[in-house]
Amino acid sequence: MRNLTIGTYLLLIMLILSACTHVEAPQTQKGTAASSNKLEQVDTRAQLLKVYTDLTEESGWSVAPKGVGTMTIYAEAENTETVLFWLVPTGTETWSERILIGYDKDGSDGWSLVWEFGNRSLHDHIYVQALGSDSSTQAAETINVHSL
């Protein structure tokens, strides 16, 4: 019986001590402590805000007219160190057939690539990939491109 009483007292002491360690700090004004913590959090992930080309867009496709062999691809990005530009064939499971057509490592003048594709017939995707300046995040967007 004595072992039961000592065990009960130890359990009661442990419960009281654990309850005391979960006390929250008082707030000085309505939610001031909580709201200031949210304001201090800055999103440092790579982000692509917009991707586009200098070609005319029709029905969701950037269209290269006959005789045009160059296009400029633009990316508006934040928290980015490098932007990669990939050409990926249309269809399913074509990622392994992608070709790196260029990259931009200096966003001081905006992220872009002038791509000379010549007389190549296009019906592909341009996969724009932003590599984060935090060395761990990425963002990607796709542009559909077609030549006449």
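The one candidate from Glu57, Glu76, Glu141 that meets the side-chain contact (heavy atoms from CB on, under 4.5 Å) condition with Tyr52 is Glu76.
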_Verdict with supporting geometry, Lys105 and Leu84, side chain to side chain contact (heavy atoms under 4.5 Å, CB included)_ = CA-CA 9 Å; Lys105 292 185 67 119; Leu84 304 174; over 6 Å; no
*asked:* Could you go through Gln47 and Asn79, starting from their C-alpha distance and side-chain angles, then the distance that decides it, and tell me whether this counts as side chain to side chain contact (heavy atoms under 4.5 Å, CB included)?
replied: CA-CA 7 Å; Gln47 297 178 26; Asn79 307 320; 4.1 Å; yes
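One distance of note links NE2 of His125 with OG1 of Thr94; it measures 6.5 Å at 0.5 Å rounding. To the nearest 0.5 Å, atom OG1 of residue Thr142 and atom CG of residue Asp124 are 12.0 Å apart. In this structure, the separation between OG1 on Thr44 and CD on Glu78 is 11.5 Å, given to the nearest 0.5 Å. To the nearest 0.5 angstrom, Asn144 atom CG is 13.0 Å from Glu58 atom CD. Remark: Leu49 CG to Thr80 OG1 distance equals 8.5 Å, nearest 0.5 Å. In this structure, the separation between CZ on Phe85 and CH2 on Trp111 is 9.0 Å, given to the nearest 0.5 Å.
Put simply, the side chain of Asp134 gets close to the backbone of Thr137: a donor and an acceptor are under 3.5 Å apart. The backbone N or O of Ser112 lies less than 3.5 Å from a partner atom in the side chain of Asp104, making a donor-acceptor pair. In terms of modelled atom types and a separation under 3.5 Å, the side chain of Ser133 and the main chain of Glu81 share no donor-acceptor contact.
The side-chain heavy atoms of Met71 and Val145, taken from C-beta on, include a pair separated by under 4.5 Å. A 4.5 Å side-chain heavy-atom check between Val88 and Trp95 finds at least one atom pair inside the cut-off. Side-chain contact between Leu148 and Val63: present, with at least one pair of heavy atoms (C-beta onward) separated by less than 4.5 Å. Counting heavy atoms from C-beta outward, Leu122 and Phe117 have side chains that approach closer than 4.5 Å.
The minimum heavy-atom distance between Ala130 and Leu48, with the atom names listed, is CB-CG, 3.9 Å. Minimum heavy-atom separation, Ala139 to Ala46: CB-O, 3.6 Å.
Val51 and Leu113 fall within the same hydrophobic cluster, where Ile, Leu, Val, Met, Phe, Trp and Tyr residues are linked whenever their side-chain heavy atoms come under 4.5 Å apart, directly or through other members. Cluster annotation: Leu55 and Tyr127 are assigned to distinct hydrophobic clusters (Ile/Leu/Val/Met/Phe/Trp/Tyr, side-chain heavy-atom contacts under 4.5 Å, transitive). Hydrophobic clustering (side-chain heavy atoms under 4.5 Å, transitive across Ile, Leu, Val, Met, Phe, Trp, Tyr) keeps Ile143 apart from Tyr74.
Every residue meeting the side chain to side chain donor-acceptor pair (under 3.5 Å) condition with Ser62, not counting sequence neighbours, appears here in chain and number order: Thr53.
For CG of Asp43, the number of neighbouring non-hydrogen atoms (other residues, nucleotides, ligands) closer than 6.0 Å is greater than 12. Residue Arg120 qualifies as open at atom CZ: its count of foreign heavy atoms under 6.0 Å is 12 or below.
Using a 30° and 60° split on the angle between ring planes, Trp61 and His123 fall in the parallel class, below 30°.
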